[in-house]
> 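Can you keep this structure in mind? I'll have questions shortly.
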Amino acid sequence: MKFLSFAALAALQLIASAPAQAELNGAEAAMARTVAAEQERSIALLEKLVNQNSGSLNLEGVEKVGAMMRAELEPLGFTVEWKPMRETGRAGHLIATHKGRPDTKRLLLIAHLDTVFEPDSPFQRFERMGDKAKGPGVGDDKGGMVVVVAALRAMHKAGTLKDANIEFHMTGDEEDTGDPQSIARADLLAAGKRADVALGFEGLIRDNGADMSSIARRSSESWQVTATGKTGHSSGIFSADAGDGAIYELARIIHRFRTELPEPNLTFNVGLVAGGEQVTLDEGKIRASANGKTNIIAATAIARGDLRTLSAEQAERVKARMAAIVADHAPDTSATLAFDPGGYPAMAPTDGNRALLARLNAVNRDLGLPEMAPLDPLKRGAADISFVAPMVDSLAGLGAYSTGDHGPEETVDLPSIERQAVRAAILMSRLAAEKR
């Protein structure tokens with residue numbers, strides 16, 4: 001099925017006579033026409049952004065993408081500031097601020113400059129294929145930034161941006177957060193405290209062909225279990241003198257995690273395991289080396305994994321259960337549980353988030369589009385919006401639709417840029433006009 005352009009949809013809305021359906025006002029119809037007319041301009045910007053590598057560790061590349069976004073935002077009346085983050089091992093963040101009327105709602109827009117593709121990746125260039133385009137970060141999240149720019153251009157031309165209070169945060173380390181996180185996310189957290197609404201421009205997700213919205217995203221934390229036991233000759237295993245050894249202790253813990261922890265909206269992956277007479281981890285804790293023999297009882301065993309929950313309360317409860325399992329040692333063994341610093345908090349589903357989705361669905365109805373249901377939070381990962389979600393009503397998934405993210409087939413659906421930009425322009429214009 002081929003959809004009408006948003007300009008055509010807007011025109012149809014203005015002449016529609018069905019009394020049960022609200023209509024776009026003149027400014028909203030104009031925004032739809034502007035986004036449609038500038039679609040090729042938006043695609044050209046996307047190509048430019050994608051062809052500049054901005055892997056999280058390519059600090060100069062991230063800065064260059066930030067400079068490209070500055071050039072788009074300053075002509076729209078934004079004050080743009082680059083916040084260097086070299087002390088965290090990352091490039092920095094771009095923060096663009098538009099001041100409007102002091103008595104209207106303050107909107108926080110969130111996207112990111114970086115991608116997972118570093119300069120040594122063979123996947124480096126934008127390639128257009130009709131209504132699709134492939135390239136590093138073409139969806140995650142350069143497509144999202146282009147949606148924002150297209151929406152803001154339309155608002156500017158229609159006059160709805162003039163009085164809008166908007167703060168647009170583009171982090172340079174979403175894919176690999178800088179350390180310490182307290183510094184890396186300080187500006188975003190401060191912005192969340194100032195805002196009345198937060199909108200996340202990572203990618204749209206479709207479920208069975210239907211556009212979905214995200215009122216919730218799960219947390220992401222990394223954990224490590226380190227088990228120890230008495231080493232010695234294997235002939236003594238399980239005896240009162242030797243006990244069970246470290247690997248059996250670790251296996252007991254992992255098995256109990258799998259059988260005793262499961263509950264709705266919770267996942268816990270085991271991503272790395274090593275055990276033997278000696279075990280070492282590299283600095284990044286992503287590679288392990290171990291040595292041992294079949295006739296020596298293992299002295300050490302390590303498992304690393306992640307934990308994803310839908311709320312802070314769930315995280316606290318599950319962590320307590322994990323700790324109790326780890327503390328219940330097998331004979332003559334010990335074990336510890338630790339969580340890496342940082343991680344992403346949960347964006348819990350709230351009444352405020354549901355109300356924002358209702359506002360978005362009002363836009364959909366006025367555009368003649370199907371309403372969007374909330375996406376099952378098990379179907380997407382964590383994101384920067386989760387840092388501010390505990391303090392402000394939040395809605396995610398406003399970016400472009402793409403498939404194959406984080407891999408060499410990352411592909412964006414180009415018409416989705418137009419659709420998402422029109423939705424965003426109208427939603428932001430309506431929200432920004434409301435009194436605080």
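Computation of the quantities below employed the complete heavy-atom set of this structure, encompassing side-chain atoms and omitting hydrogens, waters and symmetry-equivalent molecules.
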> Under a 4.0 Å threshold between the charged nitrogen and the carboxylate oxygen, would Arg86 count as salt-bridged to Glu63?
yes
> Between Arg308 and Asp306, does any side-chain N to carboxylate O distance fall below 4.0 Å?
yes
> Check whether Ser54 reaches the backbone of Leu113 with its side chain - one donor and one acceptor, N or O, closer than 3.5 Å.
yes
> Going by atom types alone, do Asp244 and Thr333 pair a side-chain donor with an acceptor below 3.5 Å?
no
> For the NE2 atom on His255, are there more than 12 heavy atoms of other groups (residues, nucleotides or ligands in this structure) within a distance under 6.0 Å?
no
> For the pair Asp163 and Arg101, find out whether any cationic side-chain nitrogen is under 4.0 Å from an anionic carboxylate oxygen.
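No, this pair does not count.
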> Using modelled atom types only, decide if a donor and an acceptor are shared between the side chain of Gln181 and the backbone of Gly178 within a distance under 3.5 Å.
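Checking the backbone N and O of Gly178 against the side chain of Gln181, no donor-acceptor pair under 3.5 Å is found.
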> So which heavy atom on Thr115 is nearest to which on Asp140, and how close?
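Closest heavy-atom pair between Thr115 and Asp140: CG2-O, 4.2 Å.
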> Going by ring-ring contact (aromatic ring centres under 6.0 Å, His included), name the residues that satisfy it together with His169, two or more places apart in sequence or in a different chain.
none
> I need the single residue from Val412, Val138, Val65 that forms a side-chain contact (heavy atoms from CB on, under 4.5 Å) with Val50. Which is it?
Val138
> Do Thr309 and Ser219 meet the criterion of a side-chain donor-acceptor pair at a distance under 3.5 Å?
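Indeed, the side chains of Thr309 and Ser219 share at least one donor-acceptor pair under 3.5 Å.
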> Side chains of Ser56 and Asp114: is there a donor and an acceptor less than 3.5 Å apart?
yes
> If the threshold is 4.0 Å, N to carboxylate O, is there a salt bridge linking Arg365 and Glu371?
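Yes.
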> Is it true that Arg430 and Glu434 have a side-chain N and a carboxylate O under 4.0 angstrom from each other?
no
> Sequence neighbours left out, what pairs pass salt bridge (Lys or Arg N to Asp or Glu O under 4.0 Å) with at least one residue falling in residues 394-412?
Lys134-Glu409
> Regarding His112 and Glu202, is there a side-chain donor-to-acceptor distance under 3.5 Å anywhere?
yes
> Assess the side chains of Thr411 and Thr403: does a donor N or O sit below 3.5 Å from an acceptor N or O?
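No, no side-chain donor-acceptor contact under 3.5 Å.
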> In terms of relative ring orientation, are Phe387 and Tyr344 parallel, tilted or perpendicular, with 30° and 60° separating the classes?
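Aromatic pair Phe387/Tyr344 classed tilted.
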> Determine the minimum heavy-atom distance between Asn353 and Leu395, stating which atoms define it.
O-CD1, 4.3 Å
> Distance only, no hydrogens: is a donor on one side chain within 3.5 Å (strictly under) of an acceptor on the other, for Thr226 and Gln224?
yes
> Taking only residues two or more places apart in sequence or in another chain, which ones pass ring-ring contact (aromatic ring centres under 6.0 Å, His included) with Phe268?
none
> Measuring from Leu73:CG to Thr79:OG1, what's the distance to the nearest 0.5 Å?
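Spacing of CG (Leu73) from OG1 (Thr79) equals 11.0 Å.
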> Pairs in or reaching into residues 395-404: which pass salt bridge (Lys or Arg N to Asp or Glu O under 4.0 Å), with residues at least two apart or in two chains?
none
> Return the set of residues passing ring-ring contact (aromatic ring centres under 6.0 Å, His included) with Phe117 (not counting sequence neighbours), or none when no residue passes.
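So Phe117 forms a ring-ring contact (aromatic ring centres under 6.0 Å, His included) with Phe123.
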> Specify the closest pair of heavy atoms between Gly100 and Asn165, including all atoms of both residues, with the distance to one decimal.
N-OD1, 2.7 Å
> What residues form a ring-ring contact (aromatic ring centres under 6.0 Å, His included) with Phe126, not counting sequence neighbours?
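Result, ring-ring contact (aromatic ring centres under 6.0 Å, His included) vs Phe126: none returned.
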> When you check the gap from the basic side-chain N to the acidic O, do Lys230 and Asp332 get nearer than 4.0 Å?
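Counted as a salt bridge, because a side-chain N and a carboxylate O are separated by less than 4.0 Å.
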> Whether Asp376 and Lys379 form a salt bridge (side-chain N of Lys/Arg under 4.0 Å from carboxylate O of Asp/Glu) is what I want to check.
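Looking at Lys379 and Asp376, the cut-off is not met.
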